[in-house]
Protein chains: 2
Amino acid sequence: MEVRPIDAPRQPEPADSVPYDLIELFFFAYRDFVGDPDRILADYGFGRAHHRVLHFVQRRPGLTIAELLDILQITKQSLNRVLKELVETGYVEQRTGRQDKRQRHLHATVKGQELSLRLDQLQAKRITAALAGVGAESAPVIARYLAGLIDASERHKVQGFLAKPL
Amino acid sequence: MEVRPIDAPRQPEPADSVPYDLIELFFFAYRDFVGDPDRILADYGFGRAHHRVLHFVQRRPGLTIAELLDILQITKQSLNRVLKELVETGYVEQRTGRQDKRQRHLHATVKGQELSLRLDQLQAKRITAALAGVGAESAPVIARYLAGLIDASERHKVQGFLAKPL
DNA sequence: GAGATATGTCAATGATGCTGACGTAAATTA
DNA sequence: TAATTTACGTCAGCATCATTGACATATCTC
C-alpha cells in the first residue's frame with residue numbers, strides 16, 4: 001500500500017543545470033550571517049526586524065516611513081510595531097517634516113547609532129574574514145553577483161540606494 | 001527635553017571598515033532569492049520551512065530526523081509540524097531504519113521530487129542569470145566566499161555535506 | 001536489566017509577517 | 001474654497017515559524 005519513491009532520477013531533464021552548492025551555501029551563509037546580531041538583539045528584547053529598521057535608519061538619516069517601507073517591503077502595520085518599540089526605547093527618533101508636515105523623518109539617536117554600529121561590525125567582521133579567504137580583490141565581483149540576484153525591477157533602486165550611503 | 005541625535009559621526013573609530021554595500025546587498029539578494037519559491041509554496045499551503053525540509057530530503061535521500069535537525073538547526077518540535085504536513089500530503093515518506101529501528105529515514109516521493117525540483121529550478125535560474133552577469137568562471141570564488149561566511153565550527157560539516165550530493 | 005538514544009507529542013509563548021478597516025492631518029488639485 | 005489624495009497611525013484578527021519545557025515510547029547499547 002506504500003508508494004515507492006524513486007530515489008534515482010532526481011534530475012529528470014535539465015541534467016545538472018541546478019547549482020545546488022550555491023543554493024545551499026547561500027542558505028547556510030545567510031543563517032550564520034544574521035545569527036551573530038540575533039544573539040545580541042535578544043539581550044535588548046529586540047529581534048531581527050529591529051536590526052533591519054535600525055540599520056537602514058542609521059544609514060539613511062532622515063528617511064521617511066514610506067521610504068523605509070519601500071526598502072523593507074513589509075506592510076506599515078508590521079513596521080509600526082518594531083519602529084514604535086525602537087522609538088519608545090530611545091534608539092530611533094521621529095521628526096515631523098519641515099516642508100511636508102505629514103512625513104516623519106527617522107533618525108538614529110546616539111544610543112541607536114552605537115547599537116547599529118555594534119551589530120554591523122559583527123557582520124563586517126564575518127564579511128572581512130570571508131573576503132580575506134578569497135582575496136579582497138574579489139569584493140566587486142561578489143557585490144555584482146549579489147546585485148544580480150536582486151529582482152531586476154528592484155535592482156536599479158537598490159543600487160541607487162547604495163550609491164549614496166549618507 | 002529632546003535628546004538631539006547626532007547624524008554626523010556615524011563611524012566613530014573604525015573608519016570605513018564596515019562594508020555596508022555587501023551587508024545590504026546580502027539582505028536584498030536573500031530576500032528576492034527566497035521570494036520566488038515563497039509565491040509558489042503559497043499555492044500548496046506550504047511555507048519556506050516546507051521548502052527547506054523538502055529540499056534537503058530530496059538532496060539527501062535516507063536522511064534521518066537527527067541529521068535534518070542538525071542541518072536546519074531548529075528544534076524537533078518546529079521540524080515536526082512541517083514534516084508531518086509534508087508526509088501527510090504525500091511529498092515525503094518516512095521509512096523505519098533497517099539497522100536501527102528507532103530511526104526514520106526520509107525520502108521525497110516522486111511528487112515531492114517534482115515540487116522540490118521546480119522550486120530549486122527557480123532559484124537556479126536566478127543564480128545562473130547572476131553568474132552570467134559576472135562571468136561563470138567566478139562561481140568558485142563566490143562559493144568560497146559564501147562558505148567563508150559560515151560559522152567556522154559548521155563550515156567543515158557543511159562542506160562535507162556539499163561534497164557528497166549523492 | 002539499566003541507561004542512553006531517536007523520535008513523537010502536548011502545551012504555552014514569542015517574533016514576524018499578513019489583510020482589512022478606519023481615522024487624522026496635511027498637501028494637492030479642481 | 002472644497003474635494004481629493006497622500007502620509008501616517010492604529011485596532012483587530014490571523015498565519016507561519018520558531019522557541020522552551022515536559023513527558024512518552026520504542027529501541028539500542030552496555
Side-chain angles (χ1 to χ4, degrees), chain A residues 27 30-32 34-35 37-57 62-89 92-106, chain B residues 27 30-32 34-35 37-57 62-89 92-106:
Chain A
F27 163 69
Y30 191 79
R31 182 193 63 186
D32 291 347
V34 295
D38 281 0
R39 279 183 284 276
I40 289 182
L41 287 157
D43 296 339
Y44 291 78
F46 291 152
R48 199 174 299 172
H50 298 85
H51 182 201
R52 292 204 281 255
V53 169
L54 185 58
H55 169 92
F56 284 110
V57 168
L63 201 67
T64 66
I65 301 287
E67 289 167 340
L68 187 50
L69 287 176
D70 188 51
I71 289 170
L72 299 176
Q73 292 192 187
I74 57 176
T75 61
K76 62 178 175 177
Q77 294 92 328
S78 296
L79 171 61
N80 200 259
R81 190 169 355 121
V82 298
L83 181 56
K84 195 194 279 182
E85 289 170 0
L86 286 169
V87 168
E88 286 171 352
T89 49
V92 171
E93 197 179 83
Q94 296 183 331
R95 299 184 197 162
T96 299
R98 322 240 296 188
Q99 297 182 355
D100 189 332
K101 292 177 187 167
R102 294 171 303 179
Q103 294 183 331
R104 303 281 176 275
H105 294 283
L106 304 172
Chain B
F27 163 68
Y30 191 78
R31 183 192 62 185
D32 291 347
V34 295
D38 281 0
R39 279 183 284 277
I40 288 182
L41 288 157
D43 296 339
Y44 291 78
F46 292 152
R48 198 174 300 172
H50 298 83
H51 181 201
R52 291 203 282 255
V53 170
L54 185 58
H55 170 90
F56 284 110
V57 168
L63 201 68
T64 66
I65 301 286
E67 290 168 339
L68 187 51
L69 287 176
D70 188 52
I71 289 171
L72 299 176
Q73 291 191 189
I74 57 177
T75 61
K76 62 177 175 178
Q77 294 91 327
S78 296
L79 172 61
N80 200 260
R81 189 174 359 111
V82 298
L83 181 56
K84 196 194 280 183
E85 288 169 1
L86 286 169
V87 169
E88 287 172 352
T89 49
V92 171
E93 198 179 83
Q94 296 183 331
R95 299 185 197 163
T96 299
R98 322 239 298 187
Q99 297 181 358
D100 189 334
K101 291 177 189 167
R102 293 171 305 177
Q103 295 182 331
R104 303 283 176 272
H105 295 283
L106 305 172

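Proteins come first, then strands; the chains are lettered A, B, ... in the order of their sequence lines, and each starts at number 1. All values reported here derive from a predicted model rather than from experimental measurement.
- His50(B) has a side-chain polar atom (N or O) that falls below the 4.0 Å cut-off from OP1 or OP2 of dC17(D).
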Report, one pair per line, the protein and nucleotides 26-30 of chain D atoms (nitrogen or oxygen only) whose separation is under 3.5 Å.
unit_1	atom_1	unit_2	atom_2	d
dC28(D)	OP1	Gln99(B)	O	3.2
dC28(D)	OP1	Lys101(B)	N	3.0

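- The OH atom of Tyr44(A) sits 19 Å away from the C1' atom of dA15(C) (whole-angstrom rounding).
- Contact between the side-chain N/O atoms of Thr75(A) and the OP1/OP2 oxygens of dC18(C) is found at a separation under 4.0 Å.
- Per the geometry, CG belonging to Asp38(B) stands 13 Å off P belonging to dG17(C), to the nearest Å.
- The distance from atom CZ of Arg81(B) to atom C1' of dA11(C) is 13 Å, rounded to the nearest whole Å.
- The nucleotide whose nearest atom lies closest to any side-chain atom of Asn80(A) is, among dG8(C), dT7(C), dG9(D), dG9(D).
- Comparing Phe46(A) and Ile65(B) against DNA chain C, the residue whose closest nucleotide sits nearer the 5' end is Ile65(B).
- Distance from the side chain of Lys76(B) is smallest for dC23(D) among the nucleotides dC17(D), dT19(D), dC23(D).
- Residue Arg52(B) has a polar side-chain atom (N or O) positioned under 4.0 Å from OP1 or OP2 of dA18(D).
- The nearest whole Å value for the distance from the CG atom in Leu72(A) to the P atom in dT16(C) is 12 Å.
- When the options Thr64(B), Thr96(B), Leu63(B) are evaluated for a side chain to side chain contact (heavy atoms under 4.5 Å, CB included) with Arg104(B), the one that passes is Thr96(B).
- Listed here is the closest heavy atom pair of Gln73(A) and Asp70(A): CG-O, 3.5 Å.
- At a cut-off of 3.5 angstrom, the base of dA18(D) holds no donor-acceptor pair with the side chain of Arg48(A).
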>> As a quick check of understanding, evaluate side-chain contact (heavy atoms from CB on, under 4.5 Å) for Leu83(A) and Leu106(A), giving each step before the final call.
In response: CA-CA 10 Å; Leu83(A) 181 56; Leu106(A) 304 172; 4.2 Å; yes
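- Rounded to an integer number of Å, the gap from Leu83(B) CG to dG8(C) C1' is 11 Å.
- Atom CG in Asp70(B) sits roughly 12 Å away from atom P in dA6(C) (whole-Å rounding).
- Every pair tested for salt bridge (Lys or Arg N to Asp or Glu O under 4.0 Å) that includes a residue from residues 74-84 of chain A fails, sequence neighbours excluded, so the list is empty.
- No donor-acceptor contact under 3.5 Å links the side chain of Lys84(B) to the base of dG8(C).
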>> With side-chain contact (heavy atoms from CB on, under 4.5 Å) as the criterion, how do Tyr44(B) and Thr89(B) come out once you've worked through the C-alpha distance, each side chain's angles and the decisive distance to 0.1 Å?
In response: CA-CA 10 Å; Tyr44(B) 291 78; Thr89(B) 49; over 6 Å; no
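- To the nearest angstrom, C1' of dA15(D) lies 16 Å from CD1 of Ile74(A).
- Using a 30° and 60° split on the angle between ring planes, Phe56(A) and Phe27(B) fall in the tilted class, from 30° to 60°.
- The aromatic rings of His55(B) and His51(B) sit perpendicular, their planes meeting at an angle over 60°, well past the 30° parallel limit.
- For the pair Gln73(B) CD and dC17(D) P, the computed distance is 18 Å after rounding to whole Å.
- For Ser78(A) and dT16(C), the shortest distance from a side-chain N or O to OP1 or OP2 is not below 4.0 Å.
- Between the side chain of Gln77(A) and the base of dG20(C) there is at least one donor-acceptor pair of N/O atoms closer than 3.5 Å.
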> When you look at Leu79(B) and Val82(B), which way does the side-chain contact (heavy atoms from CB on, under 4.5 Å) test go after all the steps?
Replying inline: CA-CA 6 Å; Leu79(B) 172 61; Val82(B) 298; 4.3 Å; yes
